[in-house]
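Ligands are counted one by one from 1 in listed order, and the atoms in each one are counted from 1 as well. We number each residue from 1, following the sequence as shown.
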Amino acid sequence: MNLKDQIPLTSLKKLYQPFGVEADVLRLDQVHPIVSGNKWYKLKEYLSEAERLQKKVLLTFGGAYSNHIVATAAAAKAKGFPSIGIIRGEKPITLSDTLQDAADQGMNLFFIDRSSYHLKIIPPEVWRLYKPGEVFIVPEGGYGSLGCQGAATILKEVNSPYSHIAVAVGTGTTVAGLASAASQEQKILGVVALKSYVEMEGAINNLLSDLHAPILLFHDYHFGGYAKKTPQLISFMNDWFRDTGIPSDFVYTGKLFFAVDDLIRKNYFEKGARLLLIHTGGLQGNRSLPKGTLIF
Ligand SMILES: *Cc1c(COP(=O)(O)O)cnc(C)c1O
């Protein structure tokens with residue numbers, strides 16, 4: 001997989017200097033045209049493990065607009081693996097743009113009903129194609145310690161000492177990786193994209209060893225829940241794009257940027273704080289919006 005050598009940073013000086021804080025955005029959305037954002041980092045250790053175990057195919061799970069599904073399809077293809085996507089819900093008459101992209105990357109898609117999906121049941125058709133020992137299963141969303149190890153390498157892209165590192169949280173894998181790689185003096189802020197997901201703290205702690213930077217989770221910026229949105233969020237995303245030139249998505253990074261903006265305006269951060277916002281990429285969710293909703 002050919003990634004950009006240098007991950008660009010976008011400074012938010014103009015926007016936040018009046019509040020006495022500095023902020024930069026780490027543009028993981030620009031690392032690769034398809035495998036954008038944190039997904040590549042979460043996947044790379046799984047891919048190495050699949051190679052090491054000489055597996056024949058990669059299998060993973062996701063919804064119709066899943067960033068993880070497209071990223072897995074593209075990353076598997078780049079490593080020479082065929083891939084299988086187990087997709088939640090009935091097969092639609094026309095595939096979503098996201099699933100079409102995954103199929104174009106050679107992913108073989110299987111649709112299962114929501115309750116089978118919940119139980120992560122692999123349909124029998126798969127076992128007609130492959131023996132169980134040949135299939136390498138990447139957990140949904142890349143959650144797991146290999147995903148965490150991969151996400152930890154995100155901070156290798158960054159030199160300057162930031163006081164706070166902020167990221168959107170889905171499975172918690174990325175925030176755990178960042179916390180394990182950051183120094184103890186840095187604070188990791190996680191903006192949770194799900195509504196009242198009380199298991200999140202435990203899910204994150206399961207991935208961490210004792211030594212890690214402190215993590216602060218924010219649970220009040222979900223805008224109604226996972227993949228939910230409000231007109232306020234959408235108009236923030238448009239304003240933010242106008243002010244910064246940075247696109248965001250309504251499932252994850254829109255909520256992150258909204259939260260950090262809100263915290264800065266409420267003087268949550270001490271003067272002189274240096275913030276790094278991780279743009280985790282993955283704009284797939286926006287493709288489910290009616291045309292014209294977003295200005296980018
Ligand atoms: C998947 C995803 C996340 C969540 O990452 P986790 O490691 O699951 O917490 C955040 N942002 C974007 C854009 C994503 O696609």
I'd like to check which ligand 1 atoms, numbered from 1 as shown, lie under 4.0 Å from a non-hydrogen atom of Asn67.
14 (C), 15 (O)
May I ask whether Gly37 has any heavy atom positioned less than 4.0 angstrom from an atom of ligand 1?
no
Do me a favour and list the nearest non-hydrogen protein atom to atom 5 (O) of ligand 1 with residue, atom name and distance?
Asn38 ND2, 3.1 Å
Under 3.5 Å, is there a donor-acceptor pair linking the side chains of Arg27 and Thr10?
yes
Does one side chain, of Tyr162 or Asp24, offer a donor that lies under 3.5 Å from an acceptor on the other?
yes
Between His68 and Phe61, ring centroids under 6.0 Å
no
Option from Phe218, Trp240, Tyr252, Phe223 for which ring pair (Phe, Tyr, Trp, His ring centres under 6.0 Å) with Phe258 holds:
Phe223
Would one find an N or O of Gly172, backbone or side chain, under 3.5 Å from an N or O of ligand 1?
yes
Of all the atoms in ligand 1, which lie at a distance below 4.0 Å from a heavy atom belonging to Lys42?
5 (O), 6 (P), 7 (O), 8 (O)
Write out the residue and atom name of the closest protein heavy atom to atom 11 (N) of ligand 1, then the distance separating them to 0.1 Å.
Thr280 OG1, 2.7 Å
CG/Asp220: more than 12 non-hydrogen atoms of other groups inside 6.0 Å:
no
Of the protein's non-hydrogen atoms, which lies at the shortest distance from atom 4 (C) of ligand 1, and what is that distance?
Gly170 N, 3.4 Å
Report, in ascending order of atom number, the atoms of ligand 1 lying under 4.0 Å from any heavy atom of Val169.
9 (O)
Would you check if there is a donor-acceptor pair between the side chains of Glu51 and Tyr46 at a distance under 3.5 Å?
no
heavy-atom search around atom 7 (O) of ligand 1 in the protein gives Thr174 OG1, 2.6 Å
Identity and separation of the nearest protein heavy atom to atom 13 (C) of ligand 1:
Gly281 O, 2.9 Å
Ignoring hydrogens and angles, state whether a donor on the side chain of Thr98 or Asp101 is under 3.5 Å from an acceptor on the partner side chain.
no
Check this for me: Glu90, atom CD, are more than 12 non-hydrogen atoms of other residues, nucleotides or ligands nearer than 6.0 Å?
no
For ligand 1, is there an N or O atom under 3.5 Å from any N or O atom of Asp249?
no
Atom 2 (C) of ligand 1 [closest protein heavy-atom partner, distance rounded to 0.1 Å]:
Lys39 NZ, 2.4 Å
